[in-house]
Protein chains: 2
Amino acid sequence: MSVSKTIPVAWQRTHDHGQCIAGAIDAAARICESRGIRLTPLRRRVLELVWENHKPVGAYGLLDELKREHSSAAPPTIYRALDFLMEQGFVHRIQSLNAYVGCNDPGHSHKGIFLICNDCGDALEIEDKGVANTIDRFASRLGFLLTSQSVEAAGLCPGCQEA
Amino acid sequence: MSVSKTIPVAWQRTHDHGQCIAGAIDAAARICESRGIRLTPLRRRVLELVWENHKPVGAYGLLDELKREHSSAAPPTIYRALDFLMEQGFVHRIQSLNAYVGCNDPGHSHKGIFLICNDCGDALEIEDKGVANTIDRFASRLGFLLTSQSVEAAGLCPGCQEA
DNA sequence: TCAGCTTTTGTTATCTTATATCGTAACGGC
DNA sequence: GCCGTTACGATATAAGATAACAAAAGCTGA
Ligand SMILES: [Zn+2]
Ligand SMILES: [Zn+2]
Ligand SMILES: [Zn+2]
Ligand SMILES: [Zn+2]
């Protein structure tokens, strides 16, 4: 039997990262094209680095990696790129980790929920209209005008529970 | 008519802060008593400062205030007190603001949801089992073992929409 | 009481994360 | 080619958090 019956695909570390990175870059490139904005080499490279890590990674971690091939990189370099990528929805920020992770489903606005493993550090982005709607209802009942929401849960992923 | 029909009491800035601070300190003192732990003068004072602000306040903001009357205070002073207060559930951390706020309902374990106003900076803690349960269900369906969750929503509170 | 342990606080230094500012270069419509 | 806009380079600094070790204060049981 496949492990996928017990461990969701997103938690499997065996898939082809190369392909999943390429897919994310292609998607971002197409979206930028359609929006008439520029996915510059720098921005593209930062997005690649985010995906290469394939788990939440800090801005200074990205900076170190970028510096190896782009010696002029400095904190603003990374933060500008990340700001752009987040504005466009290609990358999410994990508030509880001060870290950034690629979005599985860019191009369509959504309110993600993150399940973060305290052991391996991986973060699974899931989408659940139920949670978002419950929050929306609560807010409107209180007369609160929502503009953004962040839902993050931490614990142990299936793989790390075995250890 | 009272404004409370349209604006939830928590958003009203007209209540007696002095009493609400005193109530929070008393509650904390009683809980510490019952748990056999020490609400030292320092910890008590930091809790007071959190409540005096009456909205999320950063660690260094608290530090500046504490220094005025306690010149030996340094970053570890504040962070230790905040760690203690958070462990005991007297204070919550707002991840998206790197800020700390007093808990309305200490002493009983709960998973709060915060509605944060981007204009006035106030944060309303609400409790909704629905959201927590939805997240729990999601996690268990994925085989994820939850240990903590953070739900924060940002927008405009009723008062700040009028402006 | 006071020795010995635990908890709390003092002190200094350092680390991590993020922004401000200003100047220069590249792009794109005309 | 000109010019407004956008993006990038470079330096400095702000803001948030922790490490490490020493000193003081509280507790506990001879
Ligand atoms: Zn996403
Ligand atoms: Zn894990
Ligand atoms: Zn609370
Ligand atoms: Zn407001």
Side-chain angles (χ1 to χ4, degrees), chain A residues 28-29 32-50 53 56-88 90-101 121 150 152, chain B residues 28-29 32-33 35-50 53 55-88 90-101 121 150 152:
Chain A
C32 283
E33 177 87 35
S34 79
R35 290 180 185 166
I37 53 179
R38 295 195 292 153
L39 186 64
T40 63
L42 204 50
R43 291 165 173 176
R44 170 190 293 257
R45 186 69 190 114
V46 172
L47 182 56
E48 281 172 4
L49 289 173
V50 169
N53 280 277
V57 56
Y60 280 73
L62 291 168
L63 178 55
D64 287 342
E65 295 170 15
L66 185 60
K67 268 181 175 167
R68 288 188 206 129
E69 62 205 49
H70 193 94
S71 60
S72 73
T77 314
I78 285 290
Y79 282 103
R80 284 167 184 159
L82 286 174
D83 284 347
F84 171 85
L85 296 170
M86 284 191 290
E87 267 170 31
Q88 301 306 322
F90 303 152
V91 162
H92 293 294
R93 174 183 165 81
I94 309 286
Q95 310 268 15
S96 56
L97 300 176
N98 291 334
Y100 305 84
V101 68
S150 148
E152 298 174 15
Chain B
C32 284
E33 178 86 37
R35 290 179 186 167
I37 52 179
R38 295 195 293 153
L39 186 64
T40 64
L42 203 50
R43 291 164 172 175
R44 170 191 292 259
R45 188 68 191 113
V46 171
L47 182 55
E48 281 171 4
L49 289 173
V50 168
N53 279 278
K55 64 175 60 176
V57 56
Y60 279 72
L62 291 168
L63 178 55
D64 287 342
E65 294 170 15
L66 185 61
K67 267 181 174 167
R68 289 189 205 128
E69 62 204 49
H70 193 93
S71 61
S72 73
T77 315
I78 284 291
Y79 283 103
R80 284 166 184 158
L82 287 173
D83 284 347
F84 171 85
L85 297 171
M86 284 191 290
E87 268 170 29
Q88 300 305 323
F90 303 153
V91 160
H92 293 294
R93 174 183 164 81
I94 308 285
Q95 310 267 17
S96 56
L97 299 177
N98 292 333
Y100 306 83
V101 68
S150 150
E152 298 174 14

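We use all heavy atoms of the structure for the numbers below, so side chains are in, but hydrogens, waters and symmetry mates are not. Lettering of chains follows the sequences in order, A, B, ..., and the numbering in each one begins at 1. Since we're looking at a predicted model, the values are computed, not measured.
For the contact set between residues 92-100 of chain B and DNA chain C, defined by any heavy atom under 4.0 Å, there are no members. Only Pro75(A), Pro76(A), Tyr79(A), Arg80(A), listed by number, bring a heavy atom of residues 72-86 of chain A to less than 4.0 angstrom from any atom of DNA chain C.
Within the 4.5 Å cutoff, the side chain of Asn53(B) has heavy atoms near those of the Leu62(B) side chain. Phe84(B) has its side chain within reach of Ile37(B): a pair of non-hydrogen atoms, C-beta onward, lies under 4.5 Å apart.
The side chain to side chain donor-acceptor pair (under 3.5 Å) test applied to Arg35(A) returns Gln88(A), not counting sequence neighbours. In this view, Arg43(B) satisfies the side chain to side chain donor-acceptor pair (under 3.5 Å) rule with no residue, not counting sequence neighbours.
First and last contacts of DNA chain D with chain A, using any nucleotide atom under 4.0 Å from a protein heavy atom and ordered 5' to 3', fall at dA7(D) to dT11(D).
One N or O on the side chain of Glu152(A) and one on the backbone of Ser96(A) form a donor-acceptor pair closer than 3.5 Å.
In this structure, the CZ atom of Arg38(A) is 16 Å from the P atom of dA25(C), given to the nearest Å. In this structure, the OH atom of Tyr60(B) is 10 Å from the C1' atom of dC15(C), given to the nearest Å. When rounded to the nearest whole Å, the span between CD of Glu87(B) and P of dT7(C) equals 12 Å.
A pairwise comparison of heavy atoms in Lys55(B) and Gly121(B) identifies CB-O, 4.0 Å as the closest pair. Heavy-atom minimum distance, Ser150(A) versus Gln95(A): OG-CG, 3.7 Å. Residues Leu39(A) and Leu85(A) share a closest heavy-atom pair of CD1-CD2, 4.4 Å. Heavy atoms only, all atoms of each residue included: Ala73(B) and Lys67(B) are closest at O-CE, 3.5 Å. What you find for Val91(B) and Tyr100(B) is that their closest heavy atoms are CG1-CB, 3.9 Å. Across all non-hydrogen atoms, the minimal contact from Leu82(A) to Ala59(A) is CD1-CB, 4.1 Å.
In this structure, CG on Leu66(A) lies 5.0 Å from CD1 on Ile78(A), to the nearest 0.5 angstrom. Going from atom CZ of Arg93(B) over to atom CG of Asp83(B) covers 10.0 Å, rounded to the nearest 0.5 Å.
For the helix from dT1(C)-dA30(D) to dC30(C)-dG1(D), the angle separating the two terminal helix axes comes to 30°, with each axis derived from five pairs and the value rounded to 10°.
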